[in-house]
Amino acid sequence: MAYATFDAVARHRRSRTLYSLLAMPARLTVLSGPSGVGKGTVVAKVRQLHPHIWVSVSCTTRRPRPGESEGVEYRFVSRERFEQLAAAGELLEWAEFAGNFYGTPRGPVLERLAAGVPTLLEIELQGARQVREAMPEAQFVFLAPPSFDELGRRLGGRGTEDPATIATRLQRARVEMAAADEFDQVVVNGDVEAAASELVRLIEAVSA
Ligand code: 5GP
């Protein structure tokens, strides 16, 4: 084979390899863990420091907390709208949590994964189990508190929920803590920066 032809073939192969790498679907990472463990804070840190990681925006029927905006933390929807989305199969998973519904819009997640974008879901346990059924190839990460007492302190100290809601969330947290073994990885949230960088390391390890 003439050198020029050989070179062209090599270039073609290289670009094909590059193309297939670029087009290769990324793997999904699902972060779960008990309410109050700091999932939201850790994910906010990931978003801020690593904008190449796409974080899914869930739909919820819960009211916005002070400082939350439509389309940023959540898409805030009515119960009727939520039921329509679930019935139309537009949610990858959904669950009821402390009297409200939460769900992950399917389309945006599948689009990002197909485009090779590292994708992160932050959801509670029942939802994580549904994603495991639907997408067993995903990576499941459990965010754990340093201790259960510390979790109680964090839930109480948030100041955004009434005592009945805090009690419901604590009860649910006990159940969620017992499920840590179902996950591929456990990250302990003693320090937000450290937990966020450990999470990013795990996301990048499966998306490389
Ligand atoms: P919060 O009301 O504190 O924002 O969220 C309550 C719980 O719902 C948290 O454990 C959070 O991870 C979870 N959650 C948020 N979005 C979703 C979702 O789309 N699906 C499911 N299953 N849980 C979610």
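Both ligands and their constituent atoms are indexed starting at 1 by order of listing.
Phe140 carries Arg132 over the face of its six-membered ring, with the cationic atom under 6.0 Å from the centre and within 45° of the normal.
Summarising the local packing, CD of Gln48 is surrounded by more than 12 heavy atoms from other residues, nucleotides or ligands at distances under 6.0 Å. No more than 12 heavy atoms of other residues, nucleotides or ligands shown are found within 6.0 angstrom of CD on Gln171. With a 6.0 Å radius and a threshold of 12 heavy atoms from other residues, nucleotides or ligands, Glu137 has its CD atom above the threshold. Atom CZ of Arg65 has more than 12 neighbouring heavy atoms from other residues, nucleotides or ligands inside a 6.0 Å radius.
Closest of all the heavy-atom pairs between Gly127 and Glu93 is CA-OE1, 3.1 Å. Nearest heavy atom pair, residue Arg27 against residue Leu113, reads C-CD2, 3.8 Å.
Protein heavy atom closest to atom 19 (O) of ligand 1, with residue, atom name and distance, is Ser58 OG, 2.6 Å. The protein atom (non-hydrogen) at minimum distance from atom 9 (C) of ligand 1 is Lys39 NZ, 3.8 Å.
The contact set between ligand 1 and Gly127, taken as ligand atoms under 4.0 Å from a residue heavy atom, comprises 22 (N). Applying the 4.0 Å criterion to heavy atoms of Arg65 picks out, from ligand 1, the atoms 1 (P), 2 (O), 3 (O), 4 (O). Atoms of ligand 1 found under 4.0 Å from any heavy atom of Ala95, numbered from 1 in the order shown, are 22 (N). Numbered from 1 in the order shown, with element, the atoms of ligand 1 that lie under 4.0 Å from a heavy atom of Tyr74 read 1 (P), 4 (O), 5 (O), 15 (C), 16 (N). Ligand-side atoms of ligand 1 in range of Glu93: 18 (C), 19 (O), 20 (N), 21 (C), 22 (N), range being under 4.0 angstrom from any heavy atom. Set against the non-hydrogen atoms of Arg62, the atoms of ligand 1 under 4.0 Å away are 1 (P), 2 (O), 4 (O).
A heavy-atom separation below 4.0 Å is not found between Glu176 and ligand 1. For Glu73, the closest heavy-atom approach to ligand 1 does not fall below 4.0 Å.
Of the candidates Glu68, Glu122, Glu124, it is Glu122 that places a heavy atom closest to atom 12 (O) of ligand 1.
By the 4.0 Å N-to-carboxylate-O rule, Glu150 lies close enough to Arg154 to be salt-bridged with it. The existence of a salt bridge linking Lys39 and Glu124 is excluded, since no basic side-chain nitrogen approaches an acidic carboxylate oxygen closer than 4.0 Å.
Only the side chain of Phe97 comes within contact range of ligand 1, with a heavy atom under 4.0 Å; no backbone atom does. Neither the backbone nor the side chain of Glu96 comes within 4.0 Å of ligand 1, counting heavy atoms alone.
Taking the ring centroids of Trp94 and Tyr102, they lie at or beyond the 6.0 Å cut-off.
The shortest N or O to N or O distance between Gly33 and ligand 1 is not below 3.5 Å. Where the criterion is an N or O separation shorter than 3.5 Å, residue side chain and backbone included, Ser35 fails it with respect to ligand 1.
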